[in-house]
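Here's the structure, in structure tokens; my notes come after.
Worth knowing before you read on, the calculation uses all heavy atoms, side chains too, and leaves out hydrogens, waters and symmetry mates. Counting convention: from 1, in listed order, for ligands and their atoms alike.
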Amino acid sequence: MNIRPDLGLTFADVLLVPKRSAIRSRSAVDTSTWLTSDIRLTIPVVSANMDTVTETQMAVAMAHAGGIGILHRFMPVERQAEMVRRVKRTESHVVEHPVTIRPQATLAEARVRMEETMIGGLVVTGEDGRLLGMLTTRDVLLTQDLSATVESLMTPRQRLIVAAKDATLDAARLTLHTHRIEKLPLVDADDRVVGLITAQDIIKLQEHPQATKDGKGRLRVGVAVGVRSSDLERAATCIEAGADVLVIDIAHGHADHVIEMVKMLKREFPRSPVIAGNVATADGVEDLAQAGADAIKVGVGSGSICTTRIVTGFGVPQLTAIADCAAAGAKLGVPIIADGGIQTSGDVTKALAAGASTVMIGSMLAGTEESPGAAVIREGRRYKVVRGMASLTANVARKEIEQQGEVDPDEIEKVVPEGVEALVPHRGAVRDILHQLLGGLHSGMSYAGASTLEALRQNAEFIRITGAGMHESGAHDVSVL
Ligand code: XMP
């Protein structure tokens, strides 16, 4: 029998040994890190590409907080691309392609467009792209005649304040303030609309100073893709919509078809970073990195909703997997994302101390307001649903999307799930959960005497603990109120 001599360890098997610290305040630490070699995050947290975790709202909340969200792939490609567009439109220095409408359109059509795009101010343009007016929610709020034309309701061009296409942000801010307006169309010499600056975007810039943004001031977002030939098209459509990073989402990422897909994506889209996974070994990291992966996701069977280890017998306890993979990643200059099994802020600190650059979180975020799906009430308490992407219901939902209709019961019986569906307590807003997680991480860094994550890695000394040590670690021998 080929058996490794060491014990596989996970988060609860170890503690970090306190070190001499010069850090006086928990706020004096820097948690910034690299997702890939060209995407910097101010907090080392990524929301999981699961259909009960990351859609538009989660991606926006994560990017606002300084992390990033990865949109799951279990939906038609157009829907995924639309989510990318929505995240990208949330804020930017300049809205490059403002939502437009023609003057002949009806109020009914304008309302649908506002709802579909979640945009409250439509730019009215002619066939030639020239600016004819603006229509805002205020213009349509009290009107009952749904057949009224946009032209009859809009603020016409002659009453609009506009700016030249190269107006600076400061000049735009002054114009918006001076005229007490909320939207400033940018026009070229022929009066064609080339952009829009909004007061809201300028305010948001100040509200989320540590947000994760691209060069145009738009929030960053990632998209998950698979390994089929149709996934090349998915990648192309999402990149066109503005996706910042592609994540190849395969349970056993150390596989020939994943290596091929990494190469193909790097060849087709050389400017897009590619994250590949999941793996649990140094060999897995080396093969994916050599294929061109810009970061690697680590975790096989570690997730809270995973049953892969039970169903297949395979996996590596997560802390050992992170340490092995991070050692290989460090040699190759490829960051590691510790994916799955994070239950506490202490686990985040341990994952980063073991060498991960970021952590990916699923079920802890599934209970937030920003996760997809409504809250359910059970015995007077609020919960939300989380499901493994290899669970029975997720498999059925996937087949329904692929077949565009109901799935044959015989096919359902053939599914061998490697995940479960579960309820998690409703936990409020993403920012509240992140506040707790990062507060714990900041404190952990001060115990390590580390003002940066790099120093945390270097200073880290783990100690294995016994069951008695673990018992001592939580509240014990008292009745917790
Ligand atoms: P947490 O513990 O944060 O883990 O909820 C999230 C990660 O779990 C993985 N995942 C699965 N693994 N079967 C599995 O074996 C599944 O059905 C499944 N669904 C998600 C995934 O890596 C995710 O990021």
**Item:** Close-contact set for ligand 1 against Asn278 heavy atoms, below 4.0 Å
**Value:** 22 (O)

**Prompt:** How close does the nearest protein non-hydrogen atom get to atom 9 (C) of ligand 1, and which residue and atom is it?
**Reply:** Cys306 SG, 3.8 Å

**Message:** If the threshold is 4.0 Å, N to carboxylate O, is there a salt bridge linking Arg234 and Asp231?
**Reply:** yes

**Fill in**
Taking only non-hydrogen atoms of Ala48 and a 4.0 Å limit, the atoms of ligand 1 in range are 24 (O)

**Request:** Note the single closest protein heavy atom to atom 20 (C) of ligand 1, along with its residue, its atom name and the distance in Å.
**Result:** Ile305 CD1, 3.5 Å

**Contact check, side chains of Pro335 and Thr358, non-hydrogen atoms, under 4.5 Å** = no

**Message:** Between Glu82 and Arg89, does any NZ, NE, NH1 or NH2 come within less than 4.0 Å of an OD or OE carboxylate oxygen?
**Reply:** yes

**Prompt:** For Val420 and ligand 1, does the shortest N/O to N/O distance drop below 3.5 Å?
**Reply:** no

**Asked** Can Arg4 and Asp324 be counted as an ion pair, charged N to O under 4.0 angstrom?
**Response** yes

**Complete:** For Ser304, the ligand 1 atoms with a heavy-atom partner under 4.0 Å come out as 1 (P), 2 (O), 4 (O), 5 (O)

**Asked** Is Arg427 paired with Asp432 through a side-chain N to carboxylate O contact shorter than 4.0 Å?
**Response** no

**Prompt:** Distance-only, no hydrogens or angles: does the Asp347 side chain make a donor-acceptor pair with backbone N or O of Thr344 under 3.5 Å?
**Reply:** yes

**Request:** For atom 17 (O) of ligand 1, grab the closest protein heavy atom and report residue, atom and distance to one decimal in Å.
**Result:** Ala390 N, 2.6 Å

**Asked** Tell me, which protein residue and heavy-atom name are nearest atom 18 (C) of ligand 1, and how many Å apart are they?
**Response** Met389 N, 3.5 Å

**Item:** Test item: Gln80 side-chain N/O and His72 main-chain N/O as donor-acceptor pair under 3.5 Å
**Value:** yes

**Request:** Could you tell me the residue and atom name of the protein heavy atom closest to atom 13 (N) of ligand 1, and the distance to it rounded to 0.1 Å?
**Result:** Glu418 O, 2.7 Å

**Item:** Residue and atom name of the nearest protein heavy atom (relative to atom 15 (O) of ligand 1), distance in Å to one decimal
**Value:** Thr308 OG1, 2.4 Å

**Prompt:** Does ligand 1 have any atom sitting under 4.0 Å from a heavy atom of Ser391?
**Reply:** yes

**Prompt:** How would you list all residue pairs meeting side chain to side chain donor-acceptor pair (under 3.5 Å) that involve residues 213-225, not counting sequence neighbours?
**Reply:** Lys88-Asp214, Glu91-Lys213, Glu96-Lys216, Asp214-Arg218, Arg220-Asp244

**Asked** Looking only at heavy atoms of Gly341, does any of them come nearer than 4.0 Å to an atom of ligand 1?
**Response** yes

**Message:** When you measure from the heavy atoms of Met364 to every atom of ligand 1, does any distance fall below 4.0 Å?
**Reply:** no

**Request:** Using a strict 4.0 Å threshold on nitrogen-to-oxygen distance, state whether Glu55 and Arg86 make a salt bridge.
**Result:** no

**Request:** Starting from atom 23 (C) of ligand 1, find the nearest protein heavy-atom neighbour and note its residue, name and distance.
**Result:** Asp339 OD1, 3.4 Å

**Fill in**
shortest atom 3 (O) of ligand 1-to-protein heavy-atom contact is with Gly362 N, 2.7 Å

